[in-house]
Structure formats: C-alpha cells, structure tokens
Amino acid sequence: MSSGPGVRHELFARLYPRLARAMDRGGLVEHRQRLLAGLRGQVVEVGAGPGGTFPHYPATVAEVLAVEPEPRLREIARRAAAAAPARVEVVDGTAERLPLPDASTDAVVFCLVLCSVADPVAALTEARRVLRPGGELRVLEHVRADGHPRLVRVQRWMDATVWPRIAGGCHVGRDTTAVVRRAGFTLDRVERFRFPDAATPFSSHVLAVAVPATEPG
C-alpha cells in the first residue's frame with residue numbers, strides 16, 4: 001500500500017488481507033471488475049497489496065507487472081498471482097520509482113493505494129512517465145467526503161492524528177481527482193459512489209479513467 005525504501009507495516013500487512021476479503025464479500029469485487037474492464041496489453045498495478053485485483057483482469061491483458069513494496073503483502077500477492085487468469089509478475093518497488101523505462105506500458109492501475117503513498121503527485125507523475133502514447137490511468141480510491149462537512153472534519157482529524165500511523169500510511173480524506181489533474185492527466189471518466197452504503201469516513205469512493213494531458217503548443 002504505502003511507499004518508500006524498506007517499507008514495513010507489519011501489523012497493517014497482517015490485518016489488511018482479511019479486511020480486503022471482507023470488502024470483496026461486501027461488494028468491492030464489482031467495483032474492481034469495473035476498474036479493470038476493457039484493459040488490454042501490458043499493465044502495471046501500483047501497490048498491489050495481497051493481489052485482490054488479480055482474479056479480475058480481462059483476457060485481453062497480456063501481462064501485469066504488480067509492484068508492491070511491503071514484504072508480507074508482496075509474498076501473499078505472489079501466491080495470488082499463481083492462480084490469476086492473466087500472467088502476473090509481482091516485484092518489489094515503490095510508487096514514486098517504478099522499475100520500468102519510459103513509455104513502456106499500456107495502462108497503470110491504482111486500486112486503494114493512493115491514499116497511502118507519501119507523495120501522490122509524484123506517484124502519478126511516475127505513472128505518466130511509464131505510459132505509452134494512448135495509454136491510460138485507472139484509479140479506484142476512497143476519497144474526501146465532499147458534500148458532507150461533518151465527515152470531512154472527521155477525516156481531517158483522522159489524517160492529522162493516529163490513522164496514518166496505524167493504517168500503513170492511509171489518509172481517508174484526500175481529493176484524489178484533483179491530485180490526478182495536478183500530475184498532468186485529463187480525466188475521461190469519473191464515477192463517485194458510496195461503499196459501503198453507510199456514511200462513514202471511509203465510504204466515499206471514486207473510480208476514474210484518465211489520460212496524459214496534451215502538452216500545450
């Protein structure tokens with residue numbers, strides 16, 4: 001989930017696979033499938049965690065390079081990769097420094113990871129670097145609860161106090177679509193939804209598809 005050299009979040013890495021399975025049973029699977037629908041060619045997934053997306057890559061994807069810096073999660077992801085319908089290679093690496101040359105992949109996927117990277121603009125700028133012309137960014141994240149001022153205040157309090165320290169760097173109140181734009185992308189599609197349906201600091205989500213912005217001039 002989070003990034004940086006020598007990343008270790010042992011408590012979070014023990015708990016998160018169970019949480020991910022519970023979220024999938026609660027309906028996250030459908031959102032994962034929508035995130036990945038229509039992808040093809042070479043794909044990079046940044047912050048693959050325990051590999052919860054792997055079963056849902058379409059047959060049109062030739063290969064997935066899954067980057068995960070946390071050792072325990074990376075090992076779980078490698079076991080999940082063995083059963084994936086697409087070819088998945090799991091490697092060590094960070095969101096801000098992907099182990100790929102420029103313009104080398106058809107899509108970059110972030111699924112519930114931009115909340116935890118230390119510098120999301122740097123991570124997305126790196127994603128733009130590795131995308132081929134015509135490539136696209138896919139993002140599924142929990143985000144700031146716009147339109148719910150009380151929840152936004154709670155999110156700000158959580159992000160400023162203990163939550164990032166106990167949850168692998170997670171921030172519950174980031175404005176992810178604004179960050180995507182600042183990193184040099186144009187948003188093609190944005191879907192906002194609540195998952196789970198209850199109004200909580202964790203339930204505001206966005207699913208977005210973006211492409212590198214055309215340079216002026």
Side-chain angles (χ1 to χ4, degrees), residues 1-3 12 15-39 43-58 66 68 73 77 95 107-121 123-124 127 136-160 163-164 166-183 185-211:
M1 293 284 287
S2 56
S3 61
F12 176 77
L15 296 177
Y16 184 67
R18 299 177 189 176
L19 175 61
R21 289 193 295 271
M23 289 191 297
D24 281 350
R25 289 193 297 270
L28 184 62
V29 163
E30 289 79 4
H31 299 300
R32 292 189 194 272
Q33 291 169 342
R34 292 192 303 116
L35 173 70
L36 304 177
L39 289 177
V43 177
V44 176
E45 182 175 343
V46 183
T53 60
F54 296 172
H56 310 297
Y57 277 99
E68 174 52 53
L73 293 178
V108 179
V109 172
F110 289 85
C111 184
L112 304 180
V113 66
L114 283 170
C115 63
S116 65
V117 296
D119 187 342
V121 172
L124 288 161
E136 62 182 21
L137 174 75
R138 301 283 185 100
V139 172
L140 171 59
E141 299 288 341
H142 63 88
V143 294
R144 190 175 66 193
D146 289 337
H148 301 274
R150 291 182 182 178
L151 280 180
V152 170
R153 288 195 293 272
V154 172
Q155 288 178 323
R156 287 174 179 165
W157 177 83
M158 292 174 66
D159 287 349
W163 184 250
I166 65 176
C170 174
H171 293 72
V172 294
R174 284 182 170 168
D175 184 356
T176 298
T177 54
V179 172
V180 169
R181 292 190 186 97
R182 286 204 302 273
F185 286 92
T186 298
L187 289 158
D188 269 1
R189 187 175 95 234
V190 177
E191 301 176 27
R192 298 184 183 276
F193 60 95
R194 186 179 288 173
F195 172 83
D197 192 52
T200 75
F202 310 96
S203 58
S204 294
H205 284 74
V206 66
L207 192 159
V209 178
V211 297

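What you see below is based on every heavy atom in this structure, not just the backbone, and it leaves out hydrogens, waters and symmetry mates.
- Within the model, atoms OG of S204 and CZ of F195 stand 13.0 Å from one another, a figure rounded to the nearest 0.5 Å.
- The closest side-chain heavy-atom distance from L114 to L124 is below 4.5 Å.
- Nearest heavy atom pair, residue A127 against residue F110, reads CB-CE1, 3.9 Å.
- Between G38 and P58, the shortest heavy-atom contact is N-CG, 4.3 Å.
- Counting only residues at least two apart or on different chains, the salt bridge (Lys or Arg N to Asp or Glu O under 4.0 Å) pairs with a member in residues 172-181 are R144-D175.
- Looking only at side-chain heavy atoms (C-beta outward), R156 and V152 come within less than 4.5 Å of each other.
- The salt bridge (charged side-chain N to carboxylate O under 4.0 Å, His left out) search around E136 returns R138, not counting sequence neighbours.
- Between L112 and C115, every side-chain heavy-atom pair lies at or beyond the 4.5 Å cut-off.
- Of the possible polar contacts, none joining the H142 side chain to the H205 backbone as a donor-acceptor pair under 3.5 Å is found.
- Closest approach of V113 and V46 over heavy atoms only: CG1-O, 3.3 Å.
- Under the rule for a side chain to side chain contact (heavy atoms under 4.5 Å, CB included), the partners of V190 that lie at least two apart in sequence or sit in another chain are T177, L187, R192, V206, A208.
- Taking every heavy atom of both residues into account, A107 and L39 meet most closely at CB-CD2, 3.6 Å.
- E45 pairs by the side-chain hydrogen bond (donor to acceptor under 3.5 Å, both in side chains) definition with T53, Y57, not counting sequence neighbours.
- Q155 places a side-chain N or O within donor-acceptor distance of the main-chain N or O of P201, the cut-off being under 3.5 Å.
- Note that the OG1 atom of T176 and the NE2 atom of H171 stand 11.5 Å from one another [nearest 0.5 Å].
- Take A77 and apply the side chain to side chain contact (heavy atoms under 4.5 Å, CB included) test, not counting sequence neighbours, and it matches F54, V90.
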Which pairs would a plain distance check flag for residues 18-31, meaning a side-chain donor or acceptor within less than 3.5 Å of a matching protein atom at least two apart in sequence or in another chain?
from: D24; atom 1: OD1; to: R32; atom 2: NE; distance (Å): 2.9
from: D24; atom 1: OD1; to: R32; atom 2: NH2; distance (Å): 3.4
from: H31; atom 1: ND1; to: R34; atom 2: NH2; distance (Å): 2.9

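- Judged by distance alone, with hydrogens and angles left aside, the side-chain atoms of S203 form a donor-acceptor pair with the main-chain N or O of A198 at under 3.5 Å.
- Here the shortest heavy-atom pairing between F185 and A210 reads CB-CB, 3.9 Å.
- Using a 4.5 Å heavy-atom threshold, the side chains of R189 and L207 count as touching.
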